[in-house]
Amino acid sequence: MSVVMARGVLYLHSAPSALCPHIEWAVGSVIDQRLDLQWSPQPAAPGMFRAELSWVAAQGSGAKLASALRGWAHLRYEVTEEQSAGADGGRWSHTPELGIFHATTDVHGNVMVTEDRIRYAYEAGAGDPAAVYHELSLALGESWDEELEPFRHAGEGAPVRWLHQVG
């Protein structure tokens with residue numbers, strides 16, 4: 001049985017220096033490769049560091065990466081996995097304050113909100129437009145985007161390292 005491969009990017013937006021080697025070990029164990037990431041200072045959070053990794057690994061590795069890093073104090077990250085044969089794409093965002101957010105994405109990286117989630121927003125809103133807006137905002141992960149945006153901009157122009165799972 002052949003393994004379906006997927007590709008994505010891991011954005012490590014901010015991590016304390018003491019956590020960096022542990023992150024490399026955790027990520028390397030998921031993609032089955034030893035890592036030596038190029039960490040650079042994170043201007044949006046003095047004393048913190050950032051790194052990026054483009055990866056190719058077995059389908060579902062995006063979720064495994066997000067799970068491996070979930071809940072670590074002071075760590076902000078995003079994982080993307082592009083669509084691949086038989087699977088939607090995904091995005092996982094994590095902040096220490098908000099925890100983890102997951103969304104299914106289309107081929108362009110847009111968050112896809114399901115029919116059931118939209119119906120829930122209508123029902124939870126019970127005719128209150130502000131409540132419906134709040135529920136749809138949660139479904140889109142807007143709070144995570146707002147918190148991570150300064151860290152994303154601080155990383156513009158940073159080097160990206162490409163890795164491919166072998167075997």
Side-chain angles (χ1 to χ4, degrees), residues 4-33 35-84 87-114 117 135-165:
V4 177
M5 301 301 277
R7 63 185 311 148
V9 181
L10 169 61
Y11 301 95
L12 297 156
H13 292 300
S14 72
S17 62
L19 198 55
C20 295
H22 301 286
I23 293 168
E24 290 180 8
W25 178 85
V27 171
S29 67
V30 171
I31 61 171
D32 198 27
Q33 190 162 359
L35 296 181
D36 186 17
L37 296 175
Q38 294 180 352
W39 294 93
S40 58
Q42 173 53 273
M48 298 290 221
F49 293 86
R50 63 169 320 285
E52 293 181 13
L53 173 70
S54 292
W55 56 270
V56 175
Q59 190 178 71
S61 293
K64 291 177 183 176
L65 286 168
S67 294
L69 299 175
R70 184 177 154 212
W72 289 12
H74 310 293
L75 180 60
R76 289 177 182 84
Y77 66 88
E78 290 180 279
V79 179
T80 64
E81 182 170 324
E82 295 177 9
Q83 289 180 327
S84 53
D88 292 326
R91 185 180 87 194
W92 296 262
S93 303
H94 179 271
T95 73
E97 294 79 18
L98 298 172
I100 198 161
F101 168 78
H102 171 259
T104 301
T105 58
D106 68 9
V107 70
H108 303 291
N110 296 305
V111 170
M112 305 299 293
V113 180
T114 65
R117 188 65 175 101
E135 290 299 326
L136 292 176
S137 175
L138 287 174
L140 292 169
E142 288 180 349
S143 295
W144 285 263
D145 284 339
E146 288 171 10
E147 188 170 328
L148 291 172
E149 196 61 25
F151 296 91
R152 293 172 181 151
H153 286 295
E156 289 179 2
V160 176
R161 185 169 175 191
W162 290 86
L163 287 181
H164 301 275
Q165 184 179 37

> What residues form a side-chain contact (heavy atoms from CB on, under 4.5 Å) with P16, not counting sequence neighbours?
Replying inline: L19, M48, H74
> Are L12 and L10 close enough, and set up right, to give a side chain to side chain contact (heavy atoms under 4.5 Å, CB included), and what steps lead you there?
Replying inline: CA-CA 6 Å; L12 297 156; L10 169 61; 3.9 Å; yes
> So, for L69 and A26, which heavy atoms are closest and what is the spacing to 0.1 Å?
Replying inline: CD2-CB, 4.3 Å
>> Quick check: closest heavy atoms across V113 and A139, and the distance to 0.1 Å?
In response: CG1-CB, 4.0 Å
> With a 4.5 Å heavy-atom cut-off, do F151 and Q42 have their side chains touching?
Replying inline: yes
>> Is it the case that the side chains of R91 and T105 hold a donor-acceptor pair, with the cut-off being a distance below 3.5 Å and no angle test?
In response: no
> Is it true that a side-chain atom of H94 and a backbone atom of L75 form a donor plus acceptor pair closer than 3.5 Å?
Replying inline: yes
>> Quick one, R76 with R50, criterion side chain to side chain contact (heavy atoms under 4.5 Å, CB included). Give me CA distance, side-chain angles, the key distance, then yes/no.
In response: CA-CA 9 Å; R76 289 177 182 84; R50 63 169 320 285; over 6 Å; no
> Closest heavy-atom contact between P43 and P41?
Replying inline: CD-O, 3.2 Å
> CD of Q83 to NE2 of H108: how many Å apart, nearest 0.5 Å?
Replying inline: 8.5 Å
> Are K64 and E81 close enough for a salt bridge, meaning some N to O gap below 4.0 Å?
Replying inline: no
> Counting only N and O atoms by type, is there a donor-acceptor contact under 3.5 Å from the side chain of Y77 to the main-chain atoms of A66?
Replying inline: yes
> When rounded to the nearest 0.5 angstrom, what is the spacing between OH in Y11 and OG in S54?
Replying inline: 7.0 Å
> Should I23 and L35 be marked as a side chain to side chain contact (heavy atoms under 4.5 Å, CB included) after you check the CA-CA gap, both sets of side-chain angles, and the distance that decides it?
Replying inline: CA-CA 9 Å; I23 293 168; L35 296 181; over 6 Å; no
> To the nearest 0.5 Å, how far apart are NE2 in H102 and CH2 in W92?
Replying inline: 4.0 Å
>> With rounding to the nearest 0.5 angstrom, report the CG to SG distance, L37 to C20.
In response: 8.5 Å
> With L98, which residues qualify under side-chain contact (heavy atoms from CB on, under 4.5 Å), at least two apart?
Replying inline: T95, S143, W144, E147
> For residues Q59 and S84, is any side-chain donor paired with an opposing acceptor at under 3.5 Å?
Replying inline: yes
> So, does T80 use its side chain to make a donor-acceptor pair with the main chain of V9 at under 3.5 Å?
Replying inline: yes
>> With no hydrogens and no angle check, just 3.5 Å: does a side-chain donor-acceptor pair link E78 and H13?
In response: yes
> Between F101 and L140, does a side chain to side chain contact (heavy atoms under 4.5 Å, CB included) hold up when you go through it step by step?
Replying inline: CA-CA 9 Å; F101 168 78; L140 292 169; 5.8 Å; no
> What heavy-atom pair brings E142 and S137 nearest, and what distance separates the two atoms?
Replying inline: OE1-OG, 2.8 Å
> Between CZ of F49 and OG of S40, what distance do you get to the nearest 0.5 Å?
Replying inline: 8.5 Å
> If you measure from CG on L53 to CD on Q33, what distance do you get to the nearest 0.5 Å?
Replying inline: 8.5 Å
> Which atom pair, heavy atoms only, marks the closest approach of W55 to S61?
Replying inline: CZ3-CB, 3.8 Å
